[in-house]
Amino acid sequence: MIYLDNAATTYPKPEIVYEVVNKANRTAFNTGRGSYKEARKLTLLMDTTRERILKLNDIKDGKVVFTSSATLSLNSLLFGINFKDGDNVYISPFEHNAVIRPLEELKKKNKINIFVLPFKKDTWELDKDMMINMFALNNPTVIVISHVSNATGFILPYEVIFDESKKFNSLNILDSAQGYGIISLKEKHNMDYIVFAGHKSLYGSFGIAGYIKLGNDKLNKTIFGGTGSDTMNREMHEYEAGSPNIVAIQSIHTSIEWLEKTEIYKHEKTLTNYLVAELKKLDKCKIYIPNNFEEKIFGIISINIDGYSADDVGKILDDEFEIYVRTGYHCAPLVHDFISSLEYNGTIRISLGYFNTKEEIDNLISALKSL
């Protein structure tokens, strides 16, 4: 079996993560509720994990809020913002439905305006002049953009976008589910929130994610319940409620320690460039990459094969070669019009991880040649 669906979840995890999760399932106590020493140890571990998450990007003043998924994080943020009728939200053509669908729901309730940032279809470059004009005409209230596109691997120029939007005092959210911990974040001073996913680039287990609060703004609370403290106060005063997933938190506590000692970026970038070079040798292969792709693409490549739908290729790779890729629209509906992949019913997404090898890519290329 060759696993090339790491954008959905990285697989395998480091062996030490499996060991820790196994042990944690046998010794998991609830945290923040008990005064006995084992519960106190796990509360300290949670706090240490928060510190490790911040340290990955040298964030000095930030607060980590744990959730169960990046989708829940984005919902908590977007529904926590005090939108008013007529507010303007900007997204990119590369956004996931975890952004698009909450915004569509908010549009019904608050009559917000949703604008798509202008990127050039031929080069994938941000049209900065057009964006500045859009901001001047419709001042940005909120910007929500991906760090790395889950469909194409495109690293978005978030620094440029946030620099301009902050001139209008916008609230800036970066969805870093696909890159946090591997690709260093630059110019964090214009970010208000960063979303991360434990089971993706952090190489932890399912069930743990969150967001990092960098600004001083106040969100409306969207989840209410027990926090283990100030029980007699009926007002919610924190953003986390209920029993935390301490098993999954222990997984990223360990995986981050592994990340810090492992050159993941260098390995995945080498594989990305090698994959594109080999795909370019295939006559019937359409590769969705921008010019100067080496600087703009990381870990994820979308392709199609002439004469086949994306789903057909995925089924052949699975049934005949035991190669696992994802096909279709990847929960990112806007990007397929942008890259012109609708005629193929989406794309064949090849997403790499640390444990993939050049030999596996060679096997994939061999399989694609047989089509």
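Computed from a predicted model, the values in this text were never measured in an experiment. Note that these values count all heavy atoms, side chains included, but never hydrogens, waters or copies made by symmetry.
- Of the inter-residue distances, the one linking Ile300 atom CD1 with Ser149 atom OG reads 6.5 Å to the nearest 0.5 angstrom.
- If you check the side chains of Asp175 and Tyr211, you find no donor sitting under 3.5 Å from an acceptor.
- At a threshold of 4.0 Å, the pair Lys188-Asp61 does not count as salt-bridged, since none of the basic side-chain nitrogens sits closer than that to a carboxylate oxygen.
- Using cut-offs of 30° and 60° for the angle between ring planes, the Tyr90 and Phe115 rings count as parallel.
- The existence of a salt bridge linking Lys23 and Glu19 is excluded, since no basic side-chain nitrogen approaches an acidic carboxylate oxygen closer than 4.0 Å.
- Note: Tyr193 OH to Ser73 OG = 12.0 Å, rounded to the nearest 0.5 Å.
- Annotation: Phe298 is in aromatic contact with Tyr265 [ring centroid separation under 6.0 Å].
- Looking at Glu95 and Ser92, their side chains do bring a donor and an acceptor atom within 3.5 Å of each other.
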Test side-chain contact (heavy atoms from CB on, under 4.5 Å) on Asp163 and His189 and set out the steps.
-> CA-CA 9 Å; Asp163 281 349; His189 61 282; 4.2 Å; yes

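- The line from OH of Tyr203 to CG of Leu259 is 8.0 Å long, rounded to the nearest 0.5 Å.
- Applying the side-chain hydrogen bond (donor to acceptor under 3.5 Å, both in side chains) test to every pair with at least one member in residues 284-293, sequence neighbours left out, gives these pairs: Tyr288-Asn304.
- With respect to Ile182, the side chain to side chain contact (heavy atoms under 4.5 Å, CB included) criterion is satisfied by exactly one of Glu268, Lys200, Lys269: Glu268.
- One finds the CG atom of Leu214 at 11.5 Å from the CD1 atom of Ile173 (value rounded to the nearest 0.5 Å).
- Atom CG of Leu364 sits about 6.5 Å away from atom CG of Leu275, to the nearest 0.5 Å.
- Relative orientation of the Tyr354 and Trp258 rings is perpendicular, given thresholds of 30° and 60° on the angle between their planes.
- Under the salt bridge (charged side-chain N to carboxylate O under 4.0 Å, His left out) rule, Lys315 has a single partner from Asp311, Asp319, Asp318, which is Asp319.
- Counted by atom type alone, Asn113 and Asn138 present zero donor-acceptor pairs between their side chains at under 3.5 Å.
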Checking side-chain contact (heavy atoms from CB on, under 4.5 Å) for the pair Lys128/Glu164: CA distance, chi angles, key distance, verdict?
-> CA-CA 9 Å; Lys128 184 178 177 181; Glu164 292 299 326; 3.6 Å; yes

Hey, mind stepping through Leu45 and Ile246 against side-chain contact (heavy atoms from CB on, under 4.5 Å) and telling me if it holds?
-> CA-CA 9 Å; Leu45 182 138; Ile246 192 60; 4.3 Å; yes

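- Taking the centre of each ring, Phe94 and Phe119 come in below the 6.0 Å mark.
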Kindly determine whether Ile114 and Leu106 satisfy side-chain contact (heavy atoms from CB on, under 4.5 Å), including the steps that lead there.
-> CA-CA 10 Å; Ile114 303 171; Leu106 285 163; over 6 Å; no

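- Taking a cutoff of 4.0 Å between a charged side-chain nitrogen and a carboxylate oxygen, Arg101 and Glu104 do not qualify as a salt bridge.
- Between atom CG of residue Leu171 and atom CG of residue Leu78 there is a gap of 9.5 Å, rounded to the nearest 0.5 Å.
- Smallest separation of non-hydrogen atoms from Asn172 and Lys166: ND2-CG, 3.5 Å.
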